[in-house]
Amino acid sequence: MSYDRSAGLASSARALADGELTSRRLVEACLARIEATQGSLNAFRIVRTSAALAEADAADRELAAGVRRPLLGVPVAVKDDMDVAGEPTAFGCRGDFPPVREDGEAVRRLRAAGAVIVGKTNTCELGQWPFTEGPAFGDTRNPWHPGHTPGGSSGGSAAAVAAGLVPAALGSDGAGSVRIPASWTHLIGIKPQRGRISTWPRAESFQGITVNGTLARTVADAALLLDAASGNHPEDPHRPAELTLAEAVGRDPGRLRIALSLKPPFTALPARLESDVRARVVELAEKLASLGHTVEEADPPYGQIGLTFMPRATVGIAERVREAPHPGLLDRRTLEAARLGRLLGGAPLRAARRAEAGLQRRIGTFFTSYDVILAPTTAAPPPRIGAMLSLGQFATDRAMIAACPYAWPWNVLGWPGVNVPAGFVGDGLPVGAQLLGPANSEPLLVSVAAELESELRWHELRPPHTVTAGSPAA
């Protein structure tokens, strides 16, 4: 029996449990696809060939003994800001980094679910920008259009999933870094509630604005991976109540009140929603209305929420720069951001952290009138490779805010959001939309995303720049 190389996370797990193929064959095929595309898409910083095959063999022994775990023997990838025992965590930076001794908590939980970690995916330097390029590793390219970026900072994970190299991957999201590349590669990207997936060995990442999330081609696969990675280290400060997202897939969300929010939140620099992206998001709103939901234009009371983002983001960069083994090799923009972070690390940071509860209360009142927000994920389609790489600090910020003004407020709030594909613009460039909710609303957002997926069947489309090498036969 042949096995479809583009099969997802859940179907791969079922095929393994049913004995239709072995983990060894599945992982070998995955590694072959990575090798075949590394020179073109460049999705991976580290490929764990020998270790992954050994883990696959161990999984096959467990499967043969009747052991069943949610992801036993299934290959997945993680972003290179996550610790994998025995591997360096360079986080997009140049230089030699020592191997870490222990898995981070999210990786530990993936292993406990049986997943095989085939590699660590590329990310821009310290996850700062919506592109995945740099002198440390080169250019990571978009499988839909290799001349364009897959986005960032989880661009390697997005490219790997979109191209079918792995069925799903972990990323992290500090200002949209899961949702933006998901948008620009036609994927589901879930940014969960803060603390849903542990960031340990960091109690908080970037002063609490960054969380770990999932990328997959289907809602069910993104939810399954999130369930497997979810949970807390004993010392985590944020510990939301446990939930099982896979149970929300296919559940009727009921008739909802949905706010279509097209106005960019407060930004210090100009941002404008491009007309063709707006049209795709409005089409999603019309589809939701046709499914029985009440949809009307309304914008949350963001106020000057951006003033609380900058201290947390730059202080987080300063913390990472202090830890860098080779600070002289860092991008000049990184060093400038770190200098600003050192200036903002006292009273401004404390004020920004104190403001979060008030922002949650004020924006939370919006959800007494609406159940869900539908907003653009980005204001523009993915830019071309190199468009932002050589810019200075101010020009980078200007370009970044112009393209991506919508995602970051939910990082300040710590609340969940889900990117869903919204279609294509221009010469076939993917764009997406966000479903946003209040604290602990992942099940509702997932059920709405799955409802849209069942109608629009976006997961059936595949980018042209994939490979056929390595399809296993059971």
Side-chain angles (χ1 to χ4, degrees), residues 34 37-47 76-82 89-94 118-166 168-191 210-217 222 331 333-334 377-378 380-391 396 399-400 403-404 407-408 419 421 429-432 463 465-466:
I34 293 169
T37 58
Q38 192 61 10
S40 53
L41 295 182
N42 187 29
F44 283 81
R45 182 74 183 260
I46 294 170
V47 182
V76 300
V78 301
K79 183 178 178 178
D80 192 30
D81 62 344
M82 301 178 192
T89 302
F91 201 175
C93 299
R94 287 187 289 174
V118 295
K120 303 184 74 180
T121 57
N122 277 324
T123 172
C124 60
E125 190 169 288
L126 302 184
Q128 298 170 83
W129 306 303
F131 56 85
T132 302
E133 306 160 42
F137 57 88
D139 305 330
T140 297
R141 295 177 177 271
N142 194 318
W144 293 92
H145 268 273
H148 292 255
T149 181
S153 61
S154 305
S157 287
V161 175
L165 310 186
V166 290
L170 286 186
S172 59
D173 190 313
S177 287
V178 162
R179 290 163 289 158
I180 290 166
S183 167
W184 285 347
T185 57
H186 197 70
L187 296 176
I188 302 298
I190 302 179
K191 172 215 172 299
T210 295
V211 302
N212 292 329
T214 61
L215 297 112
R217 288 187 294 276
D331 191 291
R333 293 167 292 185
T334 300
T377 302
T378 67
R384 295 195 67 84
I385 292 288
M388 298 186 197
L389 183 62
S390 61
L391 299 177
T396 301
M400 185 164 58
C404 305
W408 56 269
N419 177 81
L429 292 169
V431 294
H465 301 283
T466 57

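Just so it is clear, the model here is predicted, and its values are computed rather than measured.
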Q | Note, Phe44 side chain near Leu165 side chain (heavy atom, < 4.5 Å) | A | yes
Q. Nearest 0.5 Å, what's the CG-CZ distance between Leu389 and Arg384?
A. 14.5 Å
Q: For Ala182 and Asn419, work out which heavy atoms get closest and say how close.
A: C-ND2, 3.4 Å
Q: Could you pull out the closest heavy-atom pair between Thr185 and Ala158, with the gap in Å?
A: OG1-CB, 3.6 Å
Q) If you round to the nearest 0.5 Å, how far is CH2 of Trp408 from CZ of Arg179? A) 11.5 Å
Q. Looking at Thr121, Leu215, Val118, which hits side-chain contact (heavy atoms from CB on, under 4.5 Å) with Val166?
A. Val118
**Q.** Closest heavy-atom pair and its distance - Asp80, Arg45
**A.** OD2-CG, 3.6 Å
Q | Side-chain touch Arg217/Leu187, heavy atoms, less than 4.5 angstrom | A | yes
Q | For the student: nearest non-hydrogen atoms of Ala403 and Met388, plus distance | A | CB-CE, 4.4 Å
Q: List the atom of Ser177, the atom of Gly127, and the distance in Å for their closest heavy-atom pair.
A: OG-O, 4.0 Å
**Q.** Check: His186 and Pro143 side chains under 4.5 Å, non-hydrogen atoms
**A.** no
Q) side-chain contact (heavy atoms from CB on, under 4.5 Å) between Ile190 and Val178: does it pass, once the steps are laid out? A) CA-CA 7 Å; Ile190 302 179; Val178 162; 5.9 Å; no
Q.
How long is the straight-line distance from CD of Gln128 back to OG1 of Thr123, given to the nearest 0.5 Å?
A. 9.5 Å
Q: For Met82, enumerate each residue passing the side-chain contact (heavy atoms from CB on, under 4.5 Å) test, keeping only those at least two apart in sequence or located in another chain.
A: Val78, Lys79, Val107, Leu170, Asn212
Q.
In the structure I gave you, are the side-chain heavy atoms of Ser157 and Asn122 within less than 4.5 Å of one another anywhere?
A. no
Q) If you round to the nearest 0.5 Å, how far is OG1 of Thr132 from CD1 of Ile385? A) 8.5 Å
Q | CG-CG distance between Asp331 and Leu126, expressed to the nearest 0.5 angstrom | A | 9.5 Å
Q. Got a donor-acceptor contact below 3.5 angstrom from the Asn42 side chain to the Asp139 backbone?
A. yes
Q) Is there a side-chain contact between Asp173 and Ser154, using heavy atoms and a 4.5 Å cut-off? A) no
Q) Taking C-beta and beyond as the side chain, do Thr334 and Trp129 meet within less than 4.5 Å on heavy atoms? A) yes
Q: Specify the closest pair of heavy atoms between Trp184 and Pro150, including all atoms of both residues, with the distance to one decimal.
A: CB-O, 3.8 Å
Q: Kindly assign one of parallel, tilted or perpendicular to the pair His148 and His145, based on the angle between their ring planes and the thresholds 30° and 60°.
A: perpendicular
